[in-house]
Amino acid sequence: MSRRFWLFKSEPSCYSIADLKNAPESVDCWDGVRNYQARNFLRDEIQVGDGVFFYHSNIPQPAIVGLARVTRAGYPDHTARDPRSGHFDPRATLERPIWYMVDVQFVAAFPRPLARNEFRDHPALSGMEVMKRGSRLSVQPVSTGQWQAVLALAGIAEDP
DNA sequence: GCCAACGTTGGC
DNA sequence: GCCAACGTTGGC
């Protein structure tokens, strides 16, 4: 399977790209996803080496703010079994974890955030999942063309 | 802060 | 299996 690309959403007040950068080795687990479609991507499709757009949602200018890379493929999200976690799910067990996560590593922050509204009229980017009205999917596939178009907009010549 | 859109729950 | 009610997401 060749390298694939994804967009991960996060509210920066909850977890920002700076938080990922500042994590030990700039690696962290992407926990707390509680949506089955997103879970399926995390569990079944996302592979080590895949590219990730880090997207900040629920702010005045929602934007792709940088890049990350997958360093560990899907494994059980332990926060689902932690009653003190805000993402606790009493149905999750060791044998049946229900929820999964991956590990990602910070790669780069864009020189400036690429605001969602900049994509609206872009031929390659207006069709992104994140552009769809009412889209709530927090882990989304990104096409190779979309990946390259965003890197070009960000002024990043070489795919890091 | 508003509110449309969405996913989930649960009664039937 | 249907669908109304509900809680949440997320752009604006």
Side-chain angles (χ1 to χ4, degrees), chain A residues 4-23 28-46 50-70 73-104 106-143 145-147 149-155:
Chain A
R4 295 173 68 186
F5 306 104
W6 308 91
L7 181 147
F8 287 11
K9 267 191 222 174
S10 183
E11 300 190 23
S13 62
C14 175
Y15 189 89
S16 73
I17 193 168
D19 293 323
L20 177 58
K21 185 179 184 179
N22 295 330
D28 212 346
C29 55
W30 199 267
D31 63 5
V33 174
R34 297 293 180 267
N35 165 283
Y36 286 103
Q37 195 180 352
R39 186 281 308 269
N40 292 346
F41 289 135
L42 293 169
R43 186 188 61 186
D44 305 331
E45 305 211 28
I46 298 178
D50 283 1
V52 173
F53 288 143
F54 202 119
Y55 179 87
H56 282 174
S57 67
N58 229 340
I59 52 175
Q61 288 265 290
I64 299 177
V65 293
L67 305 176
R69 122 172 15 95
V70 176
Y75 64 106
D77 180 345
H78 55 76
T79 65
R81 294 188 301 107
D82 177 2
R84 290 163 305 172
S85 165
H87 302 298
F88 177 62
D89 183 342
R91 300 169 304 160
T93 64
L94 260 185
E95 299 73 24
R96 227 177 66 86
I98 306 180
W99 304 113
Y100 284 73
M101 59 188 181
V102 300
D103 286 354
V104 292
F106 172 85
V107 171
F110 289 161
R112 63 177 183 92
L114 293 185
R116 177 180 184 275
N117 61 25
E118 295 181 51
F119 305 154
R120 176 144 286 127
D121 298 320
H122 190 289
L125 299 179
S126 59
M128 290 186 84
E129 171 70 24
V130 76
M131 296 307 296
K132 291 185 186 154
R133 186 178 159 78
S135 170
R136 295 167 56 167
L137 192 58
S138 67
V139 173
Q140 321 179 348
V142 169
S143 74
Q146 291 162 348
W147 179 263
V150 168
L151 292 192
L153 270 187

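Proteins get letters first, then strands, A, B, ... in listed order; numbering begins at 1 in each.
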> Would you find a donor on one side and an acceptor on the other, under 3.5 Å apart, between the side chain of A:Asn40 and the backbone of A:Gln37?
no
> Identify, between A:Arg34 and A:Arg133, the residue whose nearest nucleotide on DNA chain B lies closer to the 5' end.
A:Arg133
> Mark up nucleotides 4-11 of chain C, 5' to 3', with B wherever a protein heavy atom is under 4.0 angstrom from a base atom, S wherever such an atom reaches only the sugar-phosphate, and - elsewhere.
---BBSBB
> Is the distance between the ring centroids of A:Tyr36 and A:Trp99 under 6.0 Å?
yes
> When A:Asp89 is tested against each of A:Thr79, A:Ile98, A:Asp77 for side-chain contact (heavy atoms from CB on, under 4.5 Å), which residue passes?
A:Ile98
> Quick one: does any side-chain atom of A:Glu129 pair with a main-chain N or O of A:Ser135 as donor and acceptor, under 3.5 Å?
no
> Just by modelled atom types, is the A:Leu20 backbone N or O under 3.5 Å from a matching donor or acceptor in the A:Asp28 side chain?
no
